[in-house]
Every structure is written in C-alpha cells, then in structure tokens.
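Let me begin by presenting the structure, written as structure tokens, before commenting on it.
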Amino acid sequence: MTQSVVVQIGQCGNQIGCCFWDLALREHAAVNQKGIYDEAISSFFRNAVLIDMEEGVVNEILQGPLRDVFDSKQLITDISGSGNNWAMGHKVFGSLYQEQILEKLRKSAEHCDCLQCFFIIHSMGGGTGSGLGTFLLKVLEDEFPEVYRFVTSIYPSSEDDVITSPYNSILAMKELNEHADCVLPIDNQSLFDIISKIDLVVNSGKLDTTVKPKSLVTSSAGALKKQHKKPFDAMNNIVANLLLNLTSSARFEGSLNMDLNEISMNLVPFPQLHYLVSSLTPLYTLADVNIPPRRLDQMFSDAFSKDHQLMRADPKHSLYLACALMVRGNVQISDLRRNIERLKPSLRFVSWNQEGWKTSLCSVPPVGHSHSLLALANNTCVKPTFVELRERFMRLYKKKAHLHHYLQVEGMEESCFTEAVSSLSALIQEYNQLDATKSMPVADIPRLSIAM
C-alpha cells in the first residue's frame, strides 16, 4: 500500500488537520466492523507531523479526543509565534528547527513501505504557515527529491484581519512556484460564501424534502470533537471534506482508484502551472433515500458551476488544461462517461489536450451521503486570484508600509520582495498566454514543428 506523510503547519494547518482526522476516524468507524482502526487509517495516523510556533492548537489536540492517536514525538512547537511575519517563519524558525523537523520527517518516512507523497496543509496569510510551511518545501525537495510534494494552501480574503497577509502570501507563492509539485489553492472568501449559501438553503425551508441530519459538509456532527464550535470550524470542515475525498482512494477499495501522484502526473503538463481549482458536491444531502439519476447528473453539473468552487473562480468561462473527477459512493463508470460527454461541449480545453480527463471511483461514500464528487481543474480561472493578490501587495509595497518588520530579520533583504512579485508576474503571464489561445479554433492554433 502506498502511503503519504501528512504535515500540518501553523494554526490554520493544524485546525484543518484536526478536522480531517476527526472525519477520517468517523468514516472508518462507519465501515469497519472491527472497530475504528484498520491498516489504512493507522498508517495515516502514524505518518503525520504537526508543527506550530505557538502551542495553542497543538495543545488542544493533545488534550482532546485525538490525544491517543498522535505520538508526542510527531509534534514540534515553540511558544513565541511568528508574529504574522513570513520572514520570522522562513528565515528564523526555518533555520532553528530544520534539523528537528528533518529528523521527524525521516522517522515518518521510515514507517512507510512505499512513500508516495508529502501532503502539506498550511495557510498563506500568517507567519508560520506561509514562512515555515514553504521553508519545509525546499527541505523536502532536497531530502526526498523523488517524493511528490502536494500542498493545500488557504489564501486570505481581501477583508483579512492580518494587514501583512499580501506580503506573506506573495513571498510564499514564490516558494510554491519553485518547490511544490501540486497546489490546491483555497480562498477564505469562497469558504465563507459557501457556508452562507448552505445556511440560507437549510434555514429557508424552500427545499421539497428536509436536509438529512449530519449531511452538511460544514458540520462535524457525529465526529469525535465535542468542544465548543469556533467561527472557523465550518470553513475548516469544508477543506477537511476535500482532503477526505482526495485521500479516499488510499484508504478504501474502489473499482477505479487514483493515487495522489497520478493527479500530478495527469493534471500538471508544465512544472509551474501546478495550481488546481477544487470543487465539492453535494454540499448537503436531502432526506430521501432513492437518488434519481437526475440528481446524480446535477452533482456533476454543480462541480463545474462557480458556486461550488473553493476559490472565487468560474472554470466554465476559462480554459482547461486538464480535469480530474474523483467520485465516491454507488456511481458506475457509465455514469461518469455519460456526464463527461454531456458536459464536454460547454467546457473549453486546450487544443492539445481535448480528452484531458482523469477519473476515479471509490465505493465508500462520505458519512451521511450516498455519493459525492471532488473535481480538480487545472484551469486559467486561477489567474484573477493571483492578479488581485499582486494588486494588494503593490498597494502596501509602493508605500514601503510594514517593510521594516521584515527587513530587521537576519537574511531578509528587499530583493526578496522584488523577486517574489516578479515570480508571480511570470506565472500570471503564462496564464495570459494560454488565455490568448482560448478564442482560436483548434485547427488554427500554431503547432510545434518537429525536425525529422
């Protein structure tokens, strides 16, 4: 069995990780008659490293229901925090904890019979997640060059309460561009919008049938966590559900399983264009048991609508490089094929990859659902998020506002900022060049001439 090492970094990374493990345990308890633990889940737990430069969240995990699952040898904490400063996380704590982190990663890797990828969960707006999180990517690339680096990155909204989040995000983006194999960018505003829409539907009473209890992706009802809910719990639960679907093939049987490295292999045609837009459906399940085909088809349609994307993006009106559909539950290969054929005419793919679909089927659905779908799209619709981030960065940088907090950190120079924004501009330009081919007929697009 191939395995992954999960590394959760910073407050956000550890809160999402905690939700993920809660839900994963709940899933395995629902299908495993011999108790919660089985080979798949125990290997997942053994292979996790929890890192934060503040003790709060990791201490909560140690005092909560997951305390018996994680070994204290898997944890690295400090008490001072990174102060919302990428430079502190990257330059100071990176150097300070490099050997300690490496030692724990090596031990986790030794537990794996066949290590497939490192799965990193972090946020972009703070100091530890963005700074130490991206420092870790370079360490992994140097130490384990053959192992995929798969990153889930939470991007700040424009109303973010961390004033320096545009600096942190752009500095982190340069590292993601250079050292990640695959990135799932998720923005906080989209998560908030999805929660608002779900609440509206559930509370409006407009549905023909009631919503099933425990079937909302924003709810952790029935999971192990019994603490008071925090404001970000519902948002973290959406991301945890995404990770649950993403790893289902590694944890359960299926007629068409997909490894994480297959996602990178099939969806990333060029090294830098490795940002995948994700969508999750259904967001809740109605109470009736018999699912008509119409609703199954609706699930596929929803996956391509902008309301279900986990970042503010509209993939249907942008250009696809490739797309993966990861389906769970009682869904047949024929259902997959029928819906791909039905949706294809409304989606624009690059000329050289018109059949750029990758699919997987896992027979075990998420708890409370009869079926679910995670779609991953390599699509030029990520570009507006990057453009907006660059604009927010430039508004601060033109005034040199808050720059001194970064420059007083040893090893940090102003060239770090100019190089980071240049790296992002080069990425945006690559998406611009792809978008320029969007309106051209397939036959007219210039092809490479190969010398014989």
Side-chain angles (χ1 to χ4, degrees), residues 124 134 137 141 148-151 153 155 166 169-187 190 263-279 304 306 309-324 343-358 375-395 397 415 417-451:
M124 301 286 280
T134 54
L137 277 176
E141 186 179 42
Y148 281 89
R149 296 170 298 283
F150 212 101
V151 189
S153 302
Y155 281 67
S169 300
I170 298 262
L171 290 162
M173 280 277 306
K174 179 177 184 287
E175 306 300 314
L176 290 180
N177 287 346
E178 293 175 2
H179 307 300
D181 289 303
C182 213
V183 180
L184 301 182
I186 296 165
D187 77 55
S190 287
I263 294 172
S264 184
M265 184 64 70
N266 288 275
L267 266 64
V268 181
F270 307 111
Q272 280 216 304
L273 302 181
H274 55 236
Y275 295 86
L276 307 181
V277 180
S278 49
S279 63
F304 294 90
K306 63 180 180 182
Q309 308 304 316
L310 299 194
M311 66 186 303
R312 282 165 300 162
D314 189 0
K316 283 186 93 168
H317 292 94
S318 301
L319 191 66
Y320 280 87
L321 281 78
C323 185
L343 290 161
K344 258 166 70 174
S346 64
L347 307 173
R348 279 180 275 196
F349 275 73
V350 287
S351 62
W352 39 265
N353 201 22
Q354 291 286 302
E355 302 299 322
W357 297 88
K358 179 70 180 165
L376 299 175
N378 194 337
N379 188 296
T380 59
C381 66
V382 296
K383 185 181 71 177
T385 297
F386 298 157
V387 170
E388 185 195 327
L389 196 56
R390 183 175 62 181
E391 287 168 359
R392 287 171 55 208
F393 172 94
M394 290 311 296
R395 278 199 292 274
Y397 188 66
S415 60
F417 289 86
T418 53
E419 286 167 13
V421 79
S422 295
S423 171
L424 182 59
S425 295
L427 180 66
I428 290 167
Q429 186 53 31
E430 287 200 49
Y431 285 114
N432 283 337
Q433 288 170 357
L434 280 168
D435 271 335
T437 68
K438 197 165 56 177
S439 57
M440 295 169 68
V442 172
D444 292 352
I445 294 172
R447 302 188 184 279
L448 291 172
S449 54
I450 300 170

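Positions are given from 1, in the same order as the sequence printed here.
The closest donor-acceptor contact from the side chain of D181 to the backbone of F150 lies at 3.5 Å or more, if one exists at all. Put simply, the side chain of N353 never gets that close to the backbone of A322: no donor and acceptor are under 3.5 Å apart. A donor-acceptor pair under 3.5 Å is absent between the side-chain atoms of S169 and the main chain of P166, judged by distance alone. No donor-acceptor pair under 3.5 Å is formed between the side chain of Q309 and the backbone N or O of D314. Remark: the backbone N or O of T418 is paired with a side-chain donor or acceptor of S422 at under 3.5 angstrom. At distances below 3.5 Å, at least one donor-acceptor pair connects side-chain atoms of R149 with backbone N or O atoms of H179.
Open room surrounds NZ on K306; 12 or fewer heavy atoms of other groups in view lie less than 6.0 Å from it. The neighbour count for M394 CE, taken as heavy atoms of other residues, nucleotides or ligands under 6.0 Å away, is above 12.
Nearest heavy atom pair, residue R312 against residue D187, reads N-OD2, 2.9 Å. Listed here is the closest heavy atom pair of V151 and A180: CG2-CB, 3.9 Å. The two residues M124 and A172 make their nearest non-hydrogen contact at CE-CB, 3.7 Å. Of all heavy-atom pairs between I170 and A420, the closest is O-CB, 3.7 Å.
Looking at heavy atoms from C-beta onward, Y431 lies out of side-chain contact with V387 at the 4.5 angstrom threshold. Side-chain contact between Y275 and L427: present, with at least one pair of heavy atoms (C-beta onward) separated by less than 4.5 Å. Residues W357 and F349 form a side-chain contact, since some pair of their non-hydrogen atoms from C-beta on lies under 4.5 Å apart. Residues S346 and K316 have side chains in contact (heavy-atom distance under 4.5 Å, counting atoms from C-beta outward).
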Contacts under 3.5 angstrom, residues 375-386 side chains, donor-acceptor by atom type, not counting sequence neighbours:
unit_1	atom_1	unit_2	atom_2	d
N378	ND2	L267	O	2.6
N378	ND2	L273	O	2.9
N379	OD1	C381	N	2.8
N379	ND2	P315	O	3.2
T380	OG1	L319	N	3.1
T380	OG1	D435	OD1	2.8
K383	NZ	N432	OD1	2.7
K383	NZ	D435	OD2	3.1

| task | For the pair L184 and L310, evaluate side chain to side chain contact (heavy atoms under 4.5 Å, CB included) and give the outcome as yes or no after the intermediate values. | result | CA-CA 9 Å; L184 301 182; L310 299 194; over 6 Å; no

| request: Could you walk me through whether F304 and C323 pass side chain to side chain contact (heavy atoms under 4.5 Å, CB included), step by step? | output: CA-CA 10 Å; F304 294 90; C323 185; 3.9 Å; yes

| task | Could you please spell out the steps behind the side chain to side chain contact (heavy atoms under 4.5 Å, CB included) verdict for F393 and V421? | result | CA-CA 8 Å; F393 172 94; V421 79; 3.8 Å; yes

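Atom OG of S423 and atom CE of M173 lie 7.0 Å apart (nearest 0.5 Å). The OG atom of S153 sits 4.5 Å away from atom CG of L176, with the distance rounded to the nearest 0.5 Å.
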